[in-house]
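This report refers to the structure that appears directly beneath it.
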Amino acid sequence: LAWVWLTSVPSYSQAPDLATLIDRMQQTYERTGALTAEFVQVATLTSLNRQQTSSGHVYIEKPYAIRWEYTRPDAQTILYDGTTLRIYTPKRRQLLQSAVDENNRTNVALLFLAGIGKLRDAFHGTLLASSEPQLAYLRLVPRSSQAGFSELHIAVNTQSYFVEKLLIHDSIGNLTEIRLSSLGTHTALPAKTFELVLPPDTEILTPTDFTGRK
């Protein structure tokens, strides 16, 4: 958010074709038990002509455990366990939680990093031009009309087949770029990685709490 994957990956003199790239990505994430990474996220709000940069750490363990931990500029924790999405903001002492059923899992842009679902089933894919020989760029358009984003561009390392960059386009033109670094693979992560200890005065909200609010 030990991706144990100790088998060696051969080098290729040219980028793989679309089918090969998707298959190797799928295989890589499916046989990865757990992973950690640092991230830098740049969110561009097109309508407001505003850009915000944040950073932190991500922890992922199969099946379905994801912790997205923002440390700058403000602390925030996002946890997903396969059925529930929780977002905790310490500054506000608020926890927002909502259910994510099985039919909607593929609508979350980052879930494939945890080996959830099949890329071919969830997306239409096309190759994009790349000026970096070690990276292949791929455009993924969700098949579901209910997805929370319109398309996803990813940069895949052509030797490890791990994703190093993501660019998420939403339906109103906003962009979120995520760069991953210091990727690590593990057999498992400590159980406390995916625990969330809340102060006693934390306000817990669900989407229904916002119904009718202006």
When rounded to the nearest 0.5 Å, the distance separating OG1 of Thr32 from CD of Gln27 is 11.5 Å
Residue pairs meeting salt bridge (charged side-chain N to carboxylate O under 4.0 Å, His left out), one or both in residues 47-60, sequence neighbours left out, come to none
Leu138 and Ile22, any side-chain heavy atoms less than 4.5 Å apart = yes
The complete set of salt bridge (charged side-chain N to carboxylate O under 4.0 Å, His left out) pairs with one or both residues in residues 70-87, sequence neighbours excluded, reads Asp74-Lys91
The side-chain contact (heavy atoms from CB on, under 4.5 Å) partners of Ala19 (sequence neighbours excluded) come to Asp17, Arg120
Between Pro16 and Arg24, the two heavy atoms sitting closest are CB-NH1, 4.4 Å
Next on the checklist: Could you check whether any side-chain N or O of Thr202 sits under 3.5 Å from a backbone N or O of Leu198, counting only pairs where one atom can act as donor and the other as acceptor?
Outcome noted: no
Quick note, salt bridge (charged side-chain N to carboxylate O under 4.0 Å, His left out) partners involving residues 125-139, not counting sequence neighbours, are Glu132-Lys165, Arg139-Glu151
Ring pair (Phe, Tyr, Trp, His ring centres under 6.0 Å) filter on Phe194, not counting sequence neighbours, yields none
Residues passing the side chain to side chain donor-acceptor pair (under 3.5 Å) test with Gln134, sequence neighbours excluded, are none
Hits for ring pair (Phe, Tyr, Trp, His ring centres under 6.0 Å) against His153, two or more places apart or cross-chain, chain-then-number order -> His169
By salt bridge (Lys or Arg N to Asp or Glu O under 4.0 Å), Arg143 pairs with (sequence neighbours left out) none
On a heavy-atom basis, the closest approach of Glu164 and Asn157 is OE2-ND2, 2.8 Å
Query raised in the report: Do His57 and Ser182 come within less than 4.5 Å of each other through their side chains, counting heavy atoms only?
Result: no
The salt bridge (Lys or Arg N to Asp or Glu O under 4.0 Å) partners of Asp201 (sequence neighbours excluded) come to Arg93
Heavy-atom closest pair (Leu21 atom, Val156 atom, distance to 0.1 Å) is CD1-CG1, 4.0 Å
Q: Report yes or no: do Val42 and Leu45 belong to one cluster of Ile/Leu/Val/Met/Phe/Trp/Tyr joined by side chain heavy-atom distances under 4.5 Å?
A: no
| query | Do Leu152 and Leu167 come within less than 4.5 Å of each other through their side chains, counting heavy atoms only? | reply | no
With sequence neighbours left out, the residues meeting side chain to side chain donor-acceptor pair (under 3.5 Å) with Thr44 are Gln51
So OH of Tyr80 and CG of Leu85: to nearest 0.5 Å the spacing works out to 8.0 Å
OG (Ser150) and CD1 (Ile172) are apart, to the nearest 0.5 Å, by 10.0 Å
Is the CG atom of Asn49 crowded by more than 12 outside heavy atoms at less than 6.0 Å? no
| Ile87 and Ile60: same hydrophobic cluster, using ILVMFWY side-chain contacts below 4.5 Å? | yes
Can you classify the ring geometry of Phe149 versus Phe123 as parallel (below 30°), tilted (30 to 60°) or perpendicular (above 60°)? tilted
Exercise for review: Test salt bridge (charged side-chain N to carboxylate O under 4.0 Å, His left out) on Glu195 and Arg67 and set out the steps.
Suggested key: CA-CA 9 Å; Glu195 295 175 356; Arg67 184 183 187 114; over 6 Å; no
On a heavy-atom basis, the closest approach of Leu189 and Ala34 is CG-CB, 3.9 Å
Could you walk me through whether Thr53 and Val40 pass the side chain to side chain contact (heavy atoms under 4.5 Å, CB included) check? CA-CA 7 Å; Thr53 301; Val40 174; 4.0 Å; yes
OG1 of Thr84 to OH of Tyr64, rounded to nearest 0.5 Å, is 13.5 Å
Separation between CG (Leu205) and CD (Gln97), nearest 0.5 Å, reads 9.0 Å
Ser130 side-chain N/O to Leu135 backbone N/O, donor-acceptor pair under 3.5 Å: yes
Sequence neighbours excluded, the answer for side chain to side chain donor-acceptor pair (under 3.5 Å) partners of Tyr70 is Gln41, Trp68
For this session: In sequence, state the C-alpha distance, the side-chain angles, and the governing distance for Leu140 and Thr126, and then conclude on side chain to side chain contact (heavy atoms under 4.5 Å, CB included).
Result: CA-CA 7 Å; Leu140 299 173; Thr126 53; over 6 Å; no
Check: Is the ring centre of Tyr29 less than 6.0 Å from the ring centre of Tyr161?
Finding: no
> Are any non-hydrogen side-chain atoms of Tyr137 and Ile154 less than 4.5 angstrom apart?
Replying inline: no
Separation between CG (Leu96) and OG1 (Thr89), nearest 0.5 Å, reads 8.5 Å
Does Ser55 offer a backbone N or O that forms a donor-acceptor pair with the side chain of Thr71 under 3.5 Å? yes
Check: residues 173-181 side-chain donor-acceptor pairs under 3.5 Å, at least two apart:
unit_1, atom_1, unit_2, atom_2, d
Asn174, OD1, Thr46, N, 2.8
Asn174, ND2, Asp170, OD2, 3.1
Glu177, OE2, Arg179, NH1, 3.4

